[in-house]
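Below you'll find the structure, written out as structure tokens, and then a few comments.
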Amino acid sequence: MQSGWTKAGCLTAISYFTLSLNSSGDIQPILAQSNLPPVTVVAPEPKTRQSVHRSRTRTASPVRRQVAAPAPREAAPVPYVVPSTGTVGTVPPVYAGGQVATGASLGLLGNRSVMDTPFNQTSYTAELIENQQARTIRDVLANDPSVRAVQPAGGGADGLFIRGFFYDSGDYGLNGLYGIAPYYSTRANFVERVEVLKGPSALLNGMTTGGTGVTSGGAIGGSINLITKHAPDVDITRITGTYVSQSQFGANVDLGRRYGEHKEWGVRLNSTYSNGNTPWNRQTDEFGNVVLGVDYRGERVRAAFDVGYQADNLRPPLRFFGLGATTSIPQPPKPGLNFQVPWAYYAPTDFFTTAQGEVDLTDWMTAYAVFGYHDSNINYLYPSPTITNGATGALAGLPGRGKETFETFAGTTGIRANVDTGFIHHAMNINYSVNDRGYDQNLRGASIIAWNLYTEPTNIPAPANFNGIALSQRTGVRLSSVGLSDTMSILNDRVQFTVGARHQTASTEVTNFLAPASSRPETSSSVWSPAYAIVVKPVERISLYANYIEGLQTPVVVAGNFTNTGTVFPPTPTQQAEGGIKFDAGRLTATLSYFDISQRSIITLGGLGNQTQELNGRQRNRGMEFNVFGEITPAVRVLGGAALIDGVQERTQGGVNDGKKAVGVPVITANIGAEWDTPFVRGLTMMGRVIYTGAQYVNVTNTLTIPDWTRVDLGARYTFVSPWNGKPIVVRAMVENVANQAYWASAFSGVITLAAPRTYLVSTTFNF
């Protein structure tokens, strides 16, 4: 950990020094929100910048900047607009209410507005992240009715269910490259947008690498892409002090500057550090990161470079509960009780970087490339408890001390072009992408320990030694693909038809150092993944859409303590059919969609010490989603929706579980949040959120269930003008799980997880 924090400290110092150079002039007033206005920069003798004719765009995502006319005459500023074939240096504008954006990136298809997207997609903004005091990306996704966290709170990992299918924490995208974001959990302080795309996305993004050694969902139910922050046109100097119960104190730093005659160069530094006791008894968490973003916006060239380092030291980490041979689910322990042994720890570090570039070859054609590298390391020591008796809460676990390393390279390059053939407009794209991940895992075990769910195990000594080598292996996955698409539009974009395909090749190899006979040489397989989609706008403000798109589930290499460690399940195609309607009332948007997705099932069988992972037919999820966001009035904002999902098992072994419900898929999930700017106190905003999750089956035989649960969050923020510099100060307070309810939050592949207790969050943001 010492070397990691030294690296982070050096990066912070260099970044601050860079930002300090050439910082002349007064600092412009800064709003507390991230949606910052453009600024006109007047230079003494600027060179004339030629405006470039840009082809038409449907992305609703221009980046405009204003520059002064040549001296001595002052003329109106000349706007600079990123063309529709470009994406670097631009994100779609914020929608009314500031909580979501008007559109998002769609990989191969570029940036698209909500009403021109033939998929269900939501893009959460930095303003929402700040106002809700989201610590990690899973906190942001608590606003989405189709997304549920399936790994325990307090465990340091952010695996999800999207539309009832598993999404691995190692699959998060960063600036369009999947697997490059921090592996286990990503802090939200350096993120401008959290883009949630529902459904498979093989055509758009290619397959994801998954855990490459753990069960990977392959982005079947959806995918998450994170857009990093870059410098706006006004200077940012922002410091936020934070507090999380029980005594977790921290600070966030956000610095941004633009340089050059036309503000071509931008530098943005985000960093956070926190340390102290968490809402769970006997748990401490020390966390820090530093992320530097540099970008260039030229006449026909745009580029961006991001580099970051993140480290966490969680003691002890909370884990999921295996079910073993128990015939009942115990009552959850009281909120805040820490069931983990005191000597357990969990210490991941991540170094990650992306480099993006675009060149406008013509006014209608852009060549682009983006490359990324990610190095993730984790050292850990803990037992994962198994419930051996649901009636008494008896637990047993195998302590394991291990080290895991992920090294990922990813890249995409291609060309986007807009061409008219008669009355048909074509938005075409062709690209090549590659994703290469190596995964090393070393694990040593000790003797089984036993304790109880309802009694904190403070008197259990740490094992004297870990002599048993449980696992030592290296796995590798290399994914490569070529994708091409064409969106054809007629009648002034009232009808848009997209057709495309991606040819994907997946190669997998396993080297088992402990049991060489279980090693597997590199094998590869290829498949074409087609997609078709249509958008029809029969009247103003209404879009009808439908799509058929396929995914390709990543090869799964069985790892861990399973008896069939080293087994490789080959890549398998998945399919989705979806249709829906979107209505944009100007300041309030509502969407309704229906989907049908099928994928193979990988299940965990057997008891403690004798578990295997096996293919078991397929899982088919059919459902409907309703989403709403925007402003009801200028003072009232809403965000939320509901999802109804019928998840069933099909083609199971021997047909014994055909028709039974899928594990961990509730029939109904709902989220609704609202903000209200009070009329009686200027600058005071009240906020609230209700999250509901229906009952879930825990096992494939449907004999065990966890009940439904409801969580209520309440908060407020107050904005006032600083008496010493005239800039806004924002004080925020929030309480999650107001009722302090204890409940089982989720079920997944033979395990269940606990929810977080009541959590208090307070922060104050100062602008300088």
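Since this is a predicted model, take the numbers as computed values, not measurements.
- Judged purely by distance below 3.5 Å, without hydrogens or angles, the side chains of S722 and N725 pair a donor atom with an acceptor atom.
- Defined by atom type and a distance below 3.5 Å, a donor-acceptor pair is present between the side-chain atoms of Q283 and T278.
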Go through the steps to decide whether R717 and E127 satisfy the test salt bridge (Lys or Arg N to Asp or Glu O under 4.0 Å), and finish with yes or no. CA-CA 13 Å; R717 67 177 179 271; E127 183 177 340; 5.3 Å; no
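- Under a cutoff of 6.0 Å and an axis angle of 45°, R187 and F287 form a cation-pi pair.
- Looking at R689 and N143, their side chains do bring a donor and an acceptor atom within 3.5 Å of each other.
- In this structure, Q696 and T705 have side chains that are not in contact, with every pair of non-hydrogen atoms separated by 4.5 Å or more.
- For the pair D171 (side chain) and Y167 (backbone), a donor-acceptor distance under 3.5 Å is absent.
- A donor and an acceptor atom, one from each side chain of N289 and T272, are nowhere located under 3.5 Å apart.
- A donor-acceptor pair under 3.5 Å is absent between the side-chain atoms of W744 and the main chain of P707, judged by distance alone.
- For the residue pair T753 / S746, a side-chain donor-acceptor distance below 3.5 Å is found, with atom types taken as modelled.
- At a cut-off of 3.5 Å, with distance as the only test, a side-chain donor of T228 or N175 sits close to an acceptor on the other residue.
- Judged by distance alone, with hydrogens and angles left aside, the side-chain atoms of Q133 form a donor-acceptor pair with the main-chain N or O of S763 at under 3.5 Å.
- Each of P316, P461, P383, P463 was scored for a side chain to side chain contact (heavy atoms under 4.5 Å, CB included) with V341, with one residue passing: P383.
- Salt bridge status for K403 with D440: absent, with no side-chain N to carboxylate O gap under 4.0 Å.
- With salt bridges taken as basic N to acidic carboxylate O contacts below 4.0 Å, none links K229 and D306.
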After noting the C-alpha distance and the side-chain angles of F249 and Y243, does the key distance pass the ring pair (Phe, Tyr, Trp, His ring centres under 6.0 Å) rule? CA-CA 5 Å; F249 293 92; Y243 168 82; 5.1 Å; yes
Passes side chain to side chain donor-acceptor pair (under 3.5 Å), Y692 versus D708? Steps please. CA-CA 8 Å; Y692 173 79; D708 63 340; 2.9 Å; yes
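- Neither side chain, D254 nor N252, offers a donor N or O lying under 3.5 Å from an acceptor on the other.
- Side-chain N/O atoms of Q246 and N277 include no donor and acceptor closer than 3.5 Å.
- At distances below 3.5 Å, at least one donor-acceptor pair connects side-chain atoms of Y172 with backbone N or O atoms of D158.
- Surrounding NZ of K334 are at most 12 heavy atoms belonging to other residues, nucleotides or ligands under 6.0 Å away.
- Note that CZ of F190 and CG of L292 are 12.5 Å apart. Values are rounded to the nearest 0.5 Å.
- Remark: the Q310 side chain and the Y184 side chain contain no N/O donor-acceptor pair separated by less than 3.5 Å.
- Taken to the nearest 0.5 Å, the CZ atom of F466 stands 9.5 Å off from the CG atom of L443.
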As a quick check of understanding, evaluate salt bridge (Lys or Arg N to Asp or Glu O under 4.0 Å) for E286 and R315, giving each step before the final call. CA-CA 9 Å; E286 181 182 17; R315 297 173 179 262; over 6 Å; no
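- Counting only N and O atoms by type, the side chains of N737 and R758 include no donor and acceptor under 3.5 Å apart.
- Of the possible donor and acceptor atoms, one in the side chain of D139 sits under 3.5 Å from a partner among the backbone N and O of T136.
- Looking only at atom types and distance, the side chain of E404 has a donor-acceptor partner in the side chain of Y439 under 3.5 Å away.
- N275 and Q248 share no side-chain donor-acceptor pair at under 3.5 Å.
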With side chain to side chain donor-acceptor pair (under 3.5 Å) as the test, would you mind laying out the steps for T765 and R732 before giving the verdict? CA-CA 8 Å; T765 299; R732 303 177 178 91; 3.0 Å; yes
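- Salt bridge status for E130 with R238: present, with a side-chain N to carboxylate O gap under 4.0 Å.
- Using a distance-only test at 3.5 Å, with no hydrogens or angles considered, a donor-acceptor pair links the side chain of T678 to the main chain of L684.
- Looking at R282, its side chain does come within 3.5 Å of a backbone N or O of Q340 through a donor-acceptor pair.
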Could you walk me through whether N671 and R148 satisfy the side chain to side chain donor-acceptor pair (under 3.5 Å) test, starting with their C-alpha distance in whole Å, then the side-chain angles of each, then the deciding distance to 0.1 Å, before giving a yes or no? CA-CA 11 Å; N671 301 51; R148 288 294 182 266; 3.0 Å; yes
Does the pair Y345 and Y380 meet the rule for a ring pair (Phe, Tyr, Trp, His ring centres under 6.0 Å), with working shown? CA-CA 5 Å; Y345 63 84; Y380 59 88; 8.2 Å; no
